[in-house]
Student: 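Here it is, the structure, as structure tokens.
Note that ligands are numbered from 1 as they come in the structure, with each ligand's atoms numbered from 1 the same way. Just so it is clear, the structure is predicted and the values come from calculations on it, not from any experiment.
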Amino acid sequence: MIKTLEWTEQGVRFIDQTQLPTEEIYVLCPDYKSVATAIKDMIVRGAPAIGVAAAMGVALGARDATANSVVELRPQFDEICRVIRETRPTAVNLFWGIERMRRKFDELASLSVPELKRGLVEEAQRMYLEDIAACQTMGQHGAVLLPSSGTVLTHCNAGALATCGYGTALGVIRAAVEAGKKIQVFADETRPFLQGSRLTAWELTKDGIPTTVISDNMAGAMMKQGKINAVVVGADRIAANGDVANKIGTYTVAVLAKEHAIPFYVAAPWSTVDMATPDGDGIPIEQRAAREVTHLAGKQIAPDGIKVENPAFDVTPNKYVSAIITQYGVARQPFQESLKNLERIAKERSRETLEAPAGSQSD
Ligand code: MRU
């Protein structure tokens, strides 16, 4: 399995996603500030991977803090969380990862400093394993929705590289292939950062899953020609009403899918669902540098000084979404209700995990 990110005693190790597909290079971030830079510069990217990277960054910062008491450690811990919080705004998993570390800090605050530090590192490592397990369970839930033979369109990269392993949307595809379904993939190239052509095509080809790259403006024509049977994408944040923020261009694909009566599925772990945000209007959209649009592989492709828009994400209204696949089950319209039901299951499962004997694992 691709090691998207990994906790080591020396720091957090990432595959450098800015160098793929031509170079497979790993970078070691020895402190929390370099983890924050890796998230900001998209060395690591994809909502679930960002969430666990954030948790590992917090654990690393806390582990290496110089405080002699928990009282002294708390303001240092708050500063570490602040720096990591400010890296990227849209993927709610980032904030989920930090909050979970905060809760762990509070829970262990009566212990000694070394015990507290150890507990924080263990929590980040647990989140890593839980993310892989969640992707595999999501894969099982989603695989049954795909045809026994057909072509699936995906946008951006929601694969092993966007998670701790296996992937969300690509996890659904992987599980369908493992179940014997004959699935081919159309990967939107996903301008401007090209996560589709650089990352999705790379990891699916490595797995031997037949993949065709198309430029983003080809999806409509392919649908009209009957070449696409389903769409599966990931998500950066899902509001309580089922509106979905995902990579810019997802909304266009969703509208096209509805026009052509093609099912549009979203696969995401529960850490991507933000029940505190009622609808998509409340989701902050990251604006990235103009250079991502005006330059391609370092070469200028637009006139000097041209005005540029570069929102990194868009919001797909829930009416375009056929189903949301999570590790706790599949939500369908009306999402307000179905997501509430899944939230109940999520709470029950996390209670069971807390009560489970040490060594047993949750999904
Ligand atoms: O800007 P990125 O590359 O971090 O955006 C990633 C996406 O939009 C993915 O589709 C999303 O995070 C789902 S990943 C499982």
Student: Going by the order shown, which atoms of ligand 1 are within less than 4.0 Å of some heavy atom of A158?
Tutor: 14 (S), 15 (C)

Student: Give a yes-or-no answer on whether the side chains of N341 and S338 include a donor-acceptor pair shorter than 3.5 Å.
Tutor: no

Student: For ligand 1, which part of N157 has a heavy atom less than 4.0 Å away: the side chain, the backbone, both, or neither?
Tutor: backbone

Student: For A267 versus V172, what's the shortest heavy-atom pair and its separation?
Tutor: CB-CG2, 4.0 Å

Student: Under a 4.0 angstrom heavy-atom cut-off, which atoms of ligand 1 come close to G46?
Tutor: 4 (O), 6 (C), 12 (O)

Student: With distance as the sole criterion, is a donor-acceptor pair present between the side chains of D16 and T18 under 3.5 Å?
Tutor: yes

Student: Could you tell me which non-hydrogen atom of E24 sits nearest to which non-hydrogen atom of W202, and how far apart they are?
Tutor: OE1-CZ2, 3.4 Å

Student: Nearest protein heavy atom to atom 10 (O) of ligand 1, by residue and atom, and its distance?
Tutor: N246 OD1, 2.8 Å

Student: Heavy-atom contacts under 4.0 Å between A235 and ligand 1: side chain, backbone, both, or neither?
Tutor: backbone

Student: Heavy atoms only, cut-off 4.0 Å: how does F313 contact ligand 1, side chain, backbone, both, or neither?
Tutor: side chain

Student: Taking only heavy atoms of C156, which atoms of ligand 1 are found under 4.0 Å from at least one of them?
Tutor: 6 (C), 7 (C), 8 (O), 9 (C), 10 (O)

Student: For ligand 1, which atoms sit closer than 4.0 Å to a heavy atom of M42?
Tutor: 1 (O), 2 (P), 3 (O)

Student: Output the list of atoms in ligand 1 that are nearer than 4.0 Å to some heavy atom of G234, sorted by atom number.
Tutor: 13 (C)

Student: Taking 4.0 angstrom as the limit and counting only heavy atoms of A162, give me the atoms of ligand 1 inside it, by number and element.
Tutor: 14 (S), 15 (C)

Student: Check R74 with D106, please: is the shortest side-chain N to carboxylate O separation under 4.0 Å?
Tutor: yes

Student: Of all the heavy atoms in A91, does at least one lie under 4.0 Å from an atom in ligand 1?
Tutor: no

Student: I need the minimum non-hydrogen distance between I306 and A302, along with the two atoms involved.
Tutor: CG2-CB, 3.9 Å

Student: If you measure from the Lys or Arg side-chain nitrogens to the Asp or Glu carboxylate oxygens, is any gap between D216 and R191 under 4.0 Å?
Tutor: no

Student: Just so I know, are the side chains of R88 and M42 near enough to count as touching, which here means a heavy-atom distance under 4.5 Å?
Tutor: yes

Student: Under a 3.5 Å cutoff, is there a donor and acceptor pairing between the side chains of R45 and N157?
Tutor: yes

Student: Which word best sums up how the rings of Y251 and Y320 line up, parallel for under 30°, tilted for 30 to 60°, or perpendicular for over 60°?
Tutor: perpendicular

Student: Kindly identify the option in M138, K247, R45, Q17 whose heavy atom sits closest to atom 1 (O) of ligand 1.
Tutor: K247

Student: Considering heavy atoms of the protein only, find what lies nearest to atom 15 (C) of ligand 1 and give residue, atom and distance to 0.1 Å.
Tutor: T168 OG1, 3.0 Å

Student: For the residue pair I209 and I183, what are the closest heavy atoms and their distance?
Tutor: CG2-O, 4.1 Å

Student: How does A47 reach ligand 1, by side chain, by backbone, by both or by neither, if only non-hydrogen atoms under 4.0 Å count?
Tutor: both

Student: Out of R288, R88, R237, Q195, indicate the one that has the non-hydrogen atom closest to atom 4 (O) of ligand 1.
Tutor: R88

Student: Under a heavy-atom criterion of less than 4.0 Å, does T90 contact ligand 1?
Tutor: no

Student: If we only count N/O pairs under 3.5 Å, is D236 in contact with ligand 1?
Tutor: yes

Student: Using a strict cut-off of 4.0 Å, indicate which atoms of ligand 1 neighbour a heavy atom of P48.
Tutor: 14 (S), 15 (C)

